[in-house]
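Only one structure is covered here, and it is reproduced in the block below.
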Amino acid sequence: MPRTVAIGVQDFSKLIENNSFYVDKTDFIKEWWENRDDITLITRPRRFGKTLTMSMIDYFFSIRHAGRSDLFEGLKIWKDQDYRNLQGTYPVIFLSFANLKAAHYEELCQDVRGFAAREYRRHAYLLKSDSFLPTDQEHFYKRLSGEGSINDICSSINLLSEYLYEYYGKKVIILLDEYTSNRESGFGRYDVLLEPRERKHDAIIMEFKVIDPGVEKSLKDTVQAALRQIMDKKYAAALESKCGRDRIRIYGFAFRGKEVLIDGGYLYAYD
């Protein structure tokens, strides 16, 4: 039966189980694992397969997916016996911020509470652990119900990773997808925005674009298109009252294969 090209599928198991066309990227698992980095940041543009790659990592390492060798048989990673033994042996927290699209701070706080509660519910089996103290159980139940300040909620994932470490005796792999507020999905927002805690520091807005050969002749054209998008869509509007135009820097990133061109500067220079 011929394979079909599935559009928009971001779940690794669904892609493999439906026998859809898949370019084998499982070598990334080995490369990433052997680098032994504490933190890995993947900054490729949209539609480069970041979510699918993290889904692949989740299915490979997560204890929740132990025994899913069927997803990797025939792929390059499965030729290595050492990596076969790793499948399904680590606690994994996989968080996606894709649906956090609140327009106001209060709404965002409520969404984050629900977000944390769902992740705690997924690991509710920890409540049966003999190592759980009464204070741990109290905290766990509060997170399940969405109680606590926003600071409590934000630190809850770190605490959950500590619970998982104590339970399994292994370091926890934390995967964060859509960690920026990507307003391209309907709110007309930036790719990345860095807002300083103090007014004396600069704010930074970044826009990523892949060259469109039918429209742009060079990476310079693409990077200029990224900068124009920041200006035309007024991505800096929310920052101007906080930082002032003279404290906002904008940058465009243009990609063509492994080539990248970055250009930008202070916002007022593009008025």
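Just so it is clear, the values below take in all heavy atoms, side chains as well, and ignore hydrogens, waters and symmetry mates. Numbering starts at 1 and runs along the sequence shown.
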I'd like to know if the side chain of Asn35 and the backbone of Asp37 have a donor-acceptor N/O pair within less than 3.5 Å.
no
Sequence neighbours excluded, the answer for ring-ring contact (aromatic ring centres under 6.0 Å, His included) partners of Tyr268 is Tyr266
Task: Side-chain donor-acceptor pair present, Gln81, Asn85, cut-off under 3.5 Å - done: yes
Applying side chain to side chain donor-acceptor pair (under 3.5 Å) to Trp32 and not counting sequence neighbours gives Thr40
For this session: Start with the C-alpha distance between Ile174 and Leu176, add both sets of side-chain angles, then the distance that settles side-chain contact (heavy atoms from CB on, under 4.5 Å), and finish with yes or no.
Result: CA-CA 7 Å; Ile174 301 178; Leu176 300 179; 4.0 Å; yes
### Query
Judged by modelled atom types alone, do His123 and Tyr125 share a side-chain donor-acceptor pair under 3.5 Å?
yes
So the salt bridge (Lys or Arg N to Asp or Glu O under 4.0 Å) pairs with at least one residue in residues 68-79 (sequence neighbours excluded) are Glu17-Arg68, Asp27-Lys76, Arg68-Asp70
Margin query: Please tell me whether Glu147 and Tyr141 have a donor and an acceptor in their side chains that are separated by less than 3.5 angstrom.
Written below: no
For Pro196 and His201, the nearest pair of non-hydrogen atoms, with its separation, is CG-O, 3.4 Å
For Glu166 and Ser131 the tightest heavy-atom approach is OE1-OG, 4.3 Å
Closest non-hydrogen contact found for Ile248 with Gly244 is CG1-O, 3.4 Å
Taking distance alone, no hydrogens or angles, what donor-acceptor pairs closer than 3.5 Å link side-chain atoms of residues 54-65 to residues at least two apart or in another chain?
from: Ser55; atom 1: OG; to: Phe12; atom 2: N; distance (Å): 2.9
from: Asp58; atom 1: OD2; to: His65; atom 2: NE2; distance (Å): 3.3
from: Tyr59; atom 1: OH; to: Asp11; atom 2: OD1; distance (Å): 3.4
from: Tyr59; atom 1: OH; to: Asp11; atom 2: OD2; distance (Å): 3.2
from: Tyr59; atom 1: OH; to: Ser13; atom 2: OG; distance (Å): 2.9
from: Ser62; atom 1: OG; to: Arg64; atom 2: N; distance (Å): 3.1

Within the 4.5 Å heavy-atom criterion, are Leu52 and Tyr22 side-chain neighbours or not?
yes
Nearest heavy-atom contact between Ile77 and Thr26 is N-OG1, 3.2 Å
| task | Tell me, with the steps shown, if Gln224 and Asp221 meet side-chain contact (heavy atoms from CB on, under 4.5 Å). | result | CA-CA 5 Å; Gln224 290 304 313; Asp221 292 338; 5.9 Å; no
Members sharing Leu219's hydrophobic cluster, built from side-chain contacts under 4.5 Å between Ile, Leu, Val, Met, Phe, Trp and Tyr, are Ile211, Val223, Leu261
Closer than 3.5 angstrom, by distance alone: can the side chain of Arg249 be matched with the main-chain N or O of Ile204 as a donor-acceptor pair?
no
The test is side-chain contact (heavy atoms from CB on, under 4.5 Å); show your working for Asp82 and Trp33 and say whether it passes.
CA-CA 12 Å; Asp82 290 338; Trp33 188 253; over 6 Å; no
Original post:
Quick check: are there more than 12 heavy atoms from other residues, nucleotides or ligands sitting under 6.0 Å from OH of Tyr270?
Top reply: yes
Test side chain to side chain donor-acceptor pair (under 3.5 Å), reference Thr222, set Arg256, Lys217, Glu216, Lys209, output is Glu216
Is it true that Tyr90 and Tyr168 have ring centroids separated by less than 6.0 Å? no
Applying side chain to side chain donor-acceptor pair (under 3.5 Å) to Tyr83 and not counting sequence neighbours gives Glu34
* Is there a donor-acceptor contact under 3.5 Å linking the side chains of Asn18 and Ser20? -> no
Only residue of Leu175, Val172, Ile173 satisfying side-chain contact (heavy atoms from CB on, under 4.5 Å) with Ile93 is Val172
CG of Leu75 to CD1 of Ile16, rounded to nearest 0.5 Å, is 5.5 Å
Test item: Tyr120 side-chain N/O and Ser156 main-chain N/O as donor-acceptor pair under 3.5 Å: yes
Residues Gly264 and Leu227: closest non-hydrogen pair is CA-CD2, 4.1 Å
Next item on the list: Could you walk me through whether Tyr163 and Phe132 pass side-chain contact (heavy atoms from CB on, under 4.5 Å), step by step?
Entry: CA-CA 8 Å; Tyr163 291 153; Phe132 248 45; 3.7 Å; yes
